[in-house]
**Q** 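Mind looking over this structure? Questions follow.
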There are 2 protein chains.
Amino acid sequence: MGNSNLLNKMAEIIQKSDNQTAKQKKIMEVAISLFAEKGYSNTATAEIAKLAGVAEGTIFKHYGTKENLLLSIMVPFLKELFPSMADELFEELMTDNISFEEFLRKFLKNRTHFLLDNQEIFQVFIKEMIYKEELKNELVPYIFEQASPRLGKVIDVFQKRGEVIDLPISQIKNVLATTVFGFFISRFALLNRQYLNDEEIDHIVRFIINGIGSAPNP
Amino acid sequence: MGNSNLLNKMAEIIQKSDNQTAKQKKIMEVAISLFAEKGYSNTATAEIAKLAGVAEGTIFKHYGTKENLLLSIMVPFLKELFPSMADELFEELMTDNISFEEFLRKFLKNRTHFLLDNQEIFQVFIKEMIYKEELKNELVPYIFEQASPRLGKVIDVFQKRGEVIDLPISQIKNVLATTVFGFFISRFALLNRQYLNDEEIDHIVRFIINGIGSAPNP
DNA sequence: TTAAAAAGTGAGTACTCAATCACTATAAAT
DNA sequence: ATTTATAGTGATTGAGTACTCACTTTTTAA
């Protein structure tokens, strides 16, 4: 049933993605920019080649297919989306005794900056996920799988401290994930904001705290 | 500068959109389904014709261009998106003395059902808005223009009753719009949920109330 | 009943696009 | 210096595309 065909391809790409030529870098750079602006389907390989100052054949020599060029853009982004955050932030959080609210704020700021730094790739990502069922069906579960255990551990800690409402962890995960996910998507992908100030982060934090924090509920 | 070229086209479509042939209806039906599934760019007019049991020429006889077929799908949806709600719900609200929370709940339920009934068109709408700058730049202001005065009136009423936090109305409008908008988009367009239970609506209402309601703020 | 108008057809057209391939230029290894 | 491997080229291909047009069928009006 084509089981994780995509994830296998991704693994291949990761191995090959080390030594890039100057021209390869230029191709990627231009492709990211065009895909983000006009979408994958509306971008011709000829246009990428022209703007990158490269023959069209060069693209296919390196990436084989247009589809594979897209994956070569998205995979390194995905690889960085979770693990980096995990090791830096989650550990720090578990040692220091910061509040749930402060943790959320730090977390959102951290990921916001990452997404701002990679705004174009993020846009490519969202836009393609909307169309390609395969992408959605394989990557969303993968992302959840990556994030779920860590997130569960964090929620558990804060529930025991009495800072998070006493509901099944899976339910809280869902609320958190869809809220944060929806927030990032609508900000950076749909309305293409170039910035995000602390005030807006405070807002979403307040929303979440009031939604799943265990403050007295009138 | 192509000023509201699109809105003119939309006006034309509205006038012509009355008496539809059986084949026209079938074309629209198939086009909506295919555009929603695979996106506008990835759908060939030949495929629409085939699935609709119609010659390809028939499509162009009626709609002229593929682009115009897309508009013919979106315009009636847009026309219904705001006014219907306005006349039914807003008036009712102003006479009865329902609370801000209850108003929000009713409003969200009302619009949720509308979007569920037109889920495919809504998906087409979101997907294309992401790509087409012209669409975004002309329609989003138009939508805001339509909704803004009514929304302003409502917020004003509730502010005077002391149920909504005392901030500039424009700022509150923004928070409300982006929250609700982002909520609908992430639910129905990205993660394509087929349903939405009352519990989830309660959640978003609670988020908003705690965010901009004037409850004591710890 | 007949004329005019509208709806519907489908082969044909001009064009775009991803992908190929025979080839050259450059760098690395022997 | 010579072979081998890798990077890069660009004209060519063939499948697919939106759209046209001369034509037929059906509906409406006189």
Side-chain angles (χ1 to χ4, degrees), chain A residues 6 9 12-13 15-35 37-74 124 127-128 131-132 134-135, chain B residues 6 9 12-13 15-35 37-74 124 127-128 131-132 134-135:
Chain A
L6 196 66
K9 271 191 207 166
E12 272 177 47
I13 288 169
Q15 293 188 324
K16 287 182 192 165
S17 68
D18 286 332
N19 324 16
Q20 286 196 332
T21 325
K23 300 219 169 187
Q24 276 191 69
K25 277 180 195 159
K26 191 76 200 172
I27 290 169
M28 290 278 271
E29 195 186 309
V30 170
I32 287 169
S33 160
L34 288 178
F35 287 168
E37 187 198 332
K38 311 193 298 173
Y40 174 78
S41 297
N42 302 317
T43 304
T45 49
E47 195 184 357
I48 297 170
K50 197 176 177 185
L51 280 173
V54 151
E56 207 174 343
T58 308
I59 294 174
F60 290 94
K61 177 121 278 171
H62 286 296
Y63 303 99
T65 63
K66 191 189 172 189
E67 180 90 27
N68 209 48
L69 170 61
L70 176 65
L71 280 178
S72 299
I73 287 168
M74 301 197 314
V124 173
K127 285 178 181 179
E128 286 321 300
Y131 286 110
K132 305 240 167 76
E134 195 197 7
L135 214 65
Chain B
L6 195 67
K9 271 190 205 166
E12 274 177 46
I13 288 170
Q15 293 189 323
K16 287 182 192 165
S17 67
D18 287 333
N19 324 17
Q20 286 198 334
T21 324
K23 300 218 169 187
Q24 276 191 69
K25 277 179 194 158
K26 192 75 201 174
I27 290 169
M28 290 277 271
E29 196 187 308
V30 171
I32 287 169
S33 160
L34 288 178
F35 287 167
E37 189 198 330
K38 310 193 300 173
Y40 174 80
S41 298
N42 302 318
T43 305
T45 49
E47 195 185 357
I48 296 170
K50 197 177 178 186
L51 280 174
V54 151
E56 208 175 343
T58 308
I59 294 174
F60 291 94
K61 179 123 275 172
H62 287 297
Y63 303 99
T65 63
K66 191 189 172 189
E67 179 91 27
N68 209 49
L69 170 61
L70 176 65
L71 280 177
S72 300
I73 287 169
M74 301 197 315
V124 174
K127 286 177 180 178
E128 286 321 300
Y131 286 110
K132 305 239 166 76
E134 195 197 8
L135 214 65

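Heavy atoms only: backbone and side chains are in, while hydrogens, waters and symmetry mates are out. Convention: sequence-line order gives letters A, B, ...; per-chain numbering from 1.
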**Q** I'd like the 5' and 3' limits of the part of DNA chain C contacted by chain A, with heavy-atom contacts below 4.0 Å.
**A**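 The contact span of chain A on DNA chain C goes from C/dC17 to C/dT20.
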
**Q** With A/Ile32, which residues qualify under side-chain contact (heavy atoms from CB on, under 4.5 Å), at least two apart?
**A**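 Partners of A/Ile32 by the side-chain contact (heavy atoms from CB on, under 4.5 Å) criterion, ordered by chain and then number, come out as A/Ile73, A/Glu120, A/Ile121.
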
**Q** Hey, is B/Lys9 close enough to B/Glu67 for a salt bridge, meaning N to O under 4.0 Å?
**A**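 Salt bridge flag = no for B/Glu67 with B/Lys9.
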
**Q** Sequence neighbours left out, what passes ring-ring contact (aromatic ring centres under 6.0 Å, His included) with A/Phe60? Give chain and number order.
**A**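 A/Phe60 satisfies ring-ring contact (aromatic ring centres under 6.0 Å, His included) with no residue once adjacent residues are dropped.
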
**Q** Please tabulate, one pair per line, each protein N/O and nucleotide N/O from nucleotides 4-6 of chain D that are separated by under 3.5 Å, including the distance.
**A**
none

**Q** So is A/Lys127 actually on top of A/Phe35's ring, under 6.0 Å and inside 45° of the axis?
**A**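 Because its charged atom misses either the 6.0 Å distance or the 45° angle limit, A/Lys127 does not stack over A/Phe35.
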
**Q** The helix from C/dT1-D/dA30 to C/dA29-D/dT2: angle between its terminal axes, five pairs each, to 10°?
**A**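 That helix gives 10° between its end axes.
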
**Q** Tell me, please, which residues at least two apart from A/Tyr63 pass ring-ring contact (aromatic ring centres under 6.0 Å, His included).
**A**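 Checked A/Tyr63 against ring-ring contact (aromatic ring centres under 6.0 Å, His included); zero matches.
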
**Q** For the residue pair A/Thr21 and A/Ile27, establish whether any side-chain heavy-atom pair is separated by less than 4.5 Å.
**A**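 With C-beta onward as the side chain, the pair stays apart.
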
**Q** Please round to the nearest 0.5 Å and tell me the distance separating atom NZ of A/Lys38 and atom CD of A/Glu47.
**A**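 Atom-to-atom, A/Lys38:NZ and A/Glu47:CD are 3.5 Å apart.
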
**Q** Using a cut-off of strictly less than 4.0 Å between a heavy atom of the residue and any atom of DNA chain D, enumerate the qualifying residues of residues 50-58 of chain B by number.
**A**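 By residue number: B/Glu56.
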
**Q** Only counting residues at least two apart or in another chain, list the ones meeting salt bridge (Lys or Arg N to Asp or Glu O under 4.0 Å) with A/Lys26.
**A**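 Here the qualifying residues are A/Glu29.
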
**Q** What distance separates A/Thr65 OG1 from A/Leu71 CG, expressed to the nearest 0.5 Å?
**A**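 Here the rounded value is 7.5 Å.
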
**Q** I'd like to check the salt bridge (Lys or Arg N to Asp or Glu O under 4.0 Å) partners of B/Glu56; sequence neighbours left out, ordered by chain and number.
**A**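 Once residues adjacent in sequence are excluded, B/Glu56 has no partner under the salt bridge (Lys or Arg N to Asp or Glu O under 4.0 Å) criterion.
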
**Q** Return the value, rounded to whole Å, for the distance between atom CD1 of A/Ile59 and atom P of D/dA7.
**A**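 Spelled out: CD1 on A/Ile59 to P on D/dA7 is 16 Å.
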
**Q** Taking only residues two or more places apart in sequence or in another chain, which ones pass salt bridge (Lys or Arg N to Asp or Glu O under 4.0 Å) with B/Glu37?
**A**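 Scan of B/Glu37 (salt bridge (Lys or Arg N to Asp or Glu O under 4.0 Å), adjacent residues dropped) gives none.
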
**Q** Which atom names give the shortest non-hydrogen contact between A/Thr45 and A/Ile59, and what distance separates them?
**A**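 Minimum heavy-atom contact is O-CD1, 3.6 Å.
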
**Q** Looking at residues at least two apart in the chain, or sitting in another chain, which of them share a side-chain contact (heavy atoms from CB on, under 4.5 Å) with B/Ser41?
**A**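 Per chain and number, B/Ser41 pairs via side-chain contact (heavy atoms from CB on, under 4.5 Å) with A/Ser41, A/Asn42.
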
**Q** Measure from the side-chain N and O atoms of A/Lys66 to the backbone N and O of A/Tyr40, and report whether any donor-acceptor pair falls under 3.5 Å.
**A**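 Present.
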
**Q** Look up atom CG in B/Leu69 and atom CE in B/Met28, then write down how far apart they are to the nearest 0.5 Å.
**A**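 That separation rounds to 7.0 Å.
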
**Q** Using a 4.0 Å heavy-atom cut-off across all strands, classify A/Thr43 as base, sugar-phosphate, or nothing.
**A**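 Sugar-phosphate, backbone atoms only, no base.
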
**Q** Could you list, one pair per line, each protein nitrogen or oxygen that sits under 3.5 Å from a nitrogen or oxygen of nucleotides 22-28 of chain D, together with the distance?
**A**
none

**Q** In this structure, how many angstroms lie between the C1' atom of D/dT9 and the NE2 atom of A/His62, rounded?
**A**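 Taking NE2 of A/His62 and C1' of D/dT9, I get 11 Å after rounding.
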
**Q** Which part of the nucleic acid does A/Thr21 contact within heavy-atom distance under 4.0 Å: base, sugar-phosphate only, or nothing?
**A**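 Since only primed, P, OP1 and OP2 atoms lie under 4.0 Å of A/Thr21, the category is sugar-phosphate.
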
